[in-house]
Student: 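Provided herewith is a single structure, encoded as structure tokens, for subsequent inquiry.
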Number of protein chains: 2
Amino acid sequence: MTTKPLRADAERSVRTILEAAERVLSDNPAASMEQVAEAAGVARTTIHRRFANRQALVDAMAATAVRHLSEAIEAGRPETAPPLVALHQITVNVLRTKVSWAFALGQPAAPGSVVAGMQQRVAYRCLELFGRIRDLGVLDAEVDLEWTRRVYYALIGESLHGDDAGADPDVLAGRIIDTLLRGAGPRRPETR
Amino acid sequence: MTTKPLRADAERSVRTILEAAERVLSDNPAASMEQVAEAAGVARTTIHRRFANRQALVDAMAATAVRHLSEAIEAGRPETAPPLVALHQITVNVLRTKVSWAFALGQPAAPGSVVAGMQQRVAYRCLELFGRIRDLGVLDAEVDLEWTRRVYYALIGESLHGDDAGADPDVLAGRIIDTLLRGAGPRRPETR
DNA sequence: ATTAACTGCAACAGTCTTGTAGCGTTTTAT
DNA sequence: ATAAAACGCTACAAGACTGTTGCAGTTAAT
């Protein structure tokens with residue numbers, strides 16, 4: 001099921017196209033292949049050589065993006081590092097990945113596809129981590145972990161929008177985790 | 001600057017078109033005018049009679065949607081009702097509005113447009129309410145109100161996605177507010 | 001009842017986009 | 001060095017969508 005290995009220059013082209021497509025399509029999801037080609041510094045026919053359809057291109061982008069996302073999570077050592085440290089590091093890594101692959105990661109994955117499988121796996125890793133954090137007593141014992149995960153995703157997404165979207169990822173991650181764990185209510189006197 | 005008042009049937013058509021367009025475009029933002037017309041039970045040319053461009057249609061949808069959103073907020077009596085009661089009621093109303101106008105409300109408003117102005121006004125009403133809630137001591141005294149508002153928006157948006165998107169709005173609103181105020185961390189012993 | 005507005009239908013021109021094909025040139029692999 | 005692979009370029013076919021126009025029939029307002 002593996003395709004013949006591409007020549008070095010071809011592989012470079014594919015990379016360039018995928019990255020250019022992300023830039024262009026994240027700015028305008030309805031952009032034409034021509035615009036993508038121009039942004040990639042490549043002829044439109046070259047894109048069609050590697051990707052039969054527009055859909056094939058988008059699928060490849062989604063696959064690349066979710067792979068990067070997965071790596072961003074693994075790099076945080078969710079199994080071995082102290083859970084809260086891992087959560088912070090993962091959040092930072094994911095923020096970086098999401099700014100670079102906003103469009104591709106926003107694409108809905110076909111139900112049975114490889115990408116969908118990887119997304120589920122990522123979600124599961126996330127749930128595992130939250131479970132470990134809960135066992136530390138930092139998450140409420142009876143909290144809905146799935147809802148917590150969704151809120152976590154939403155907070156990450158929101159952090160990429162406002163004026164502060166370009167701020168230091170460490171700061172953004174801190175705010176995300178603080179909000180996720182404590183909300184906006186009054187801090188406990190002794191915590192302050 | 002006001003246009004001539006439309007005849008009764010024409011006004012009905014406009015309504016029908018706007019609602020059909022929302023249904024179709026929320027499912028597929030790239031749908032053609034033809035598909036919108038079919039969903040509205042109307043000839044395509046009728047749409048073009050009322051809306052010069054596709055953009056004009058989308059703008060009208062955005063205007064209608066943000067008007068509904070504004071009404072949803074005012075119906076919660078943010079000025080007069082007890083702040084937390086108002087917050088709950090507003091959340092319920094906004095949830096209902098957002099499911100009906102998901103596409104239109106997701107459209108970015110042109111910087112100087114009327115819609116943009118109304119969005120800002122809505123955001124301001126929201127900030128006012130949060131300010132009042134903070135003064136009750138239910139929000140942390142030093143919390144970033146603007147960030148709180150953005151988190152509130154994000155939680156509402158997230159509530160419309162999962163399997164429970166169709167659940168009782170009162171329940172969803174309760175979860176949103178609980179998460180916003182307390183986060184996912186452990187509850188205080190005496191609160192439980 | 002009469003008028004004006006509105007709608008459906010059919011047809012049309014114009015544009016944009018996609019996808020394919022051929023050919024000469026450049027780059028890579030061995 | 002040579003052969004295969006990849007690329008840019010041009011051209012073309014096919015289709016989709018948009019926006020407009022004209023006309024005949026229907027509906028609402030006075």
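Below, read A as the first sequence line, B as the second, and so on, with proteins coming before strands; counting in each chain starts at 1.
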Student: Does some side-chain heavy atom of B/Leu6 sit less than 4.5 Å from a side-chain heavy atom of B/Arg50?
Tutor: yes
Student: Please report the shortest heavy-atom distance between A/Glu79 and A/Arg132, naming the atom on each side.
Tutor: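 It is OE1-NH2, 3.6 Å.
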Student: D/dT20 C1' sits how many Å from B/Phe51 CZ, rounded?
Tutor: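 That distance rounds to 18 Å.
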Student: May I ask you to check whether over 12 heavy atoms, not counting those of B/Glu38, lie within 6.0 Å of atom CD?
Tutor: no
Student: Tell me which of B/Asp9 and B/Glu34 sits closer to the 5' end of DNA chain D, going by the nucleotide each one is nearest to.
Tutor: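 Checking each residue's closest nucleotide, the 5'-ward one belongs to B/Glu34.
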Student: Below the 4.0 Å mark, does C/dT18 have OP1 or OP2 next to a side-chain nitrogen or oxygen of A/Asn53?
Tutor: no
Student: Send over the distance from B/Arg50 CZ to C/dG8 P, rounded to a whole Å.
Tutor: 11 Å
Student: What nucleotide, of D/dT18, C/dA29, C/dC6, holds the atom closest to the side chain of B/Leu6?
Tutor: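 Looking only at side-chain atoms, B/Leu6 lies closest to C/dC6.
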Student: Just how far, in rounded Å, is C1' of C/dC16 from CZ of A/Arg54?
Tutor: 12 Å
Student: Any side-chain N or O of A/Ser13 less than 4.0 Å from the OP1 or OP2 oxygen of D/dC7?
Tutor: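 For D/dC7, OP1/OP2 do have a side-chain N/O of A/Ser13 under 4.0 Å.
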Student: Looking at C/dC6, I'd like to know if its phosphate oxygens (OP1 or OP2) sit under 4.0 Å from a side-chain N or O belonging to B/Arg12.
Tutor: no
Student: Does B/Arg7 get its side chain close enough to the base of D/dT27, under 3.5 Å, for a donor-acceptor pair?
Tutor: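 In this structure, the two groups form a donor-acceptor pair.
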Student: As an exercise, state the distance from NE2 of B/His88 to CD1 of B/Ile176, rounded to the nearest 0.5 Å.
Tutor: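 Going from the NE2 atom of B/His88 to the CD1 atom of B/Ile176 covers 10.0 Å.
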Student: Tell me the interatomic distance from B/Glu38, atom CD, to D/dC17, atom P, rounded to whole angstroms.
Tutor: 12 Å
Student: May I ask you to verify if any side-chain N or O of A/Thr46 is less than 4.0 angstrom from the OP1 or OP2 atom of D/dC7?
Tutor: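 Checking D/dC7 against A/Thr46, no side-chain N or O comes under 4.0 Å of OP1 or OP2.
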Student: Under the salt bridge (charged side-chain N to carboxylate O under 4.0 Å, His left out) criterion, do A/Arg182 and B/Asp140 qualify, and how do the steps go?
Tutor: CA-CA 10 Å; A/Arg182 289 190 17 300; B/Asp140 189 80; 5.1 Å; no
Student: Please report, rounded to the nearest Å, how far the C1' atom of D/dT18 is from the CE atom of B/Met33.
Tutor: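 So the CE-C1' distance, B/Met33 to D/dT18, works out to 8 Å.
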Student: Go through the steps to decide whether B/Phe51 and B/Val14 satisfy the test side chain to side chain contact (heavy atoms under 4.5 Å, CB included), and finish with yes or no.
Tutor: CA-CA 9 Å; B/Phe51 309 98; B/Val14 170; 4.1 Å; yes
Student: I need the CZ-P distance between A/Arg15 and D/dA6, as an integer number of Å.
Tutor: 16 Å
Student: Set out, line by line, the N/O atom pairs under 3.5 Å between protein and nucleotides 9-14 of chain D.
Tutor:
residue	atom	partner	partner atom	Å
D/dC9	N4	A/Thr45	OG1	3.1

Student: So with a 6.0 Å cut-off around CG of B/Asp163, is the heavy-atom count from everything else above 12?
Tutor: no
Student: How long is the line joining CD1 of A/Ile17 and P of D/dA6, in whole Å?
Tutor: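 Between P of D/dA6 and CD1 of A/Ile17: 12 Å.
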Student: Let me check the geometry of the helix from C/dA1-D/dT30 to C/dT30-D/dA1. What is the bend angle between the axes at its two ends, five pairs each, to 10°?
Tutor: 50°
Student: Between the main-chain N or O of A/Ser32 and the side-chain N or O of A/Gln35, is there a donor-acceptor pair closer than 3.5 Å?
Tutor: yes
Student: Do the side chains of B/Tyr153 and B/Arg150 get nearer than 4.5 Å, heavy atoms only?
Tutor: no
Student: Between D/dT18, C/dT17, D/dA29, which one does the side chain of A/Ser32 approach most closely?
Tutor: C/dT17
Student: Once rounded to the nearest 0.5 Å, what's the spacing between atom OG of A/Ser13 and atom CZ of A/Arg15?
Tutor: 11.0 Å
Student: What is the distance, to the nearest angstrom, from the CD atom on A/Gln55 to the P atom on C/dT18?
Tutor: 12 Å
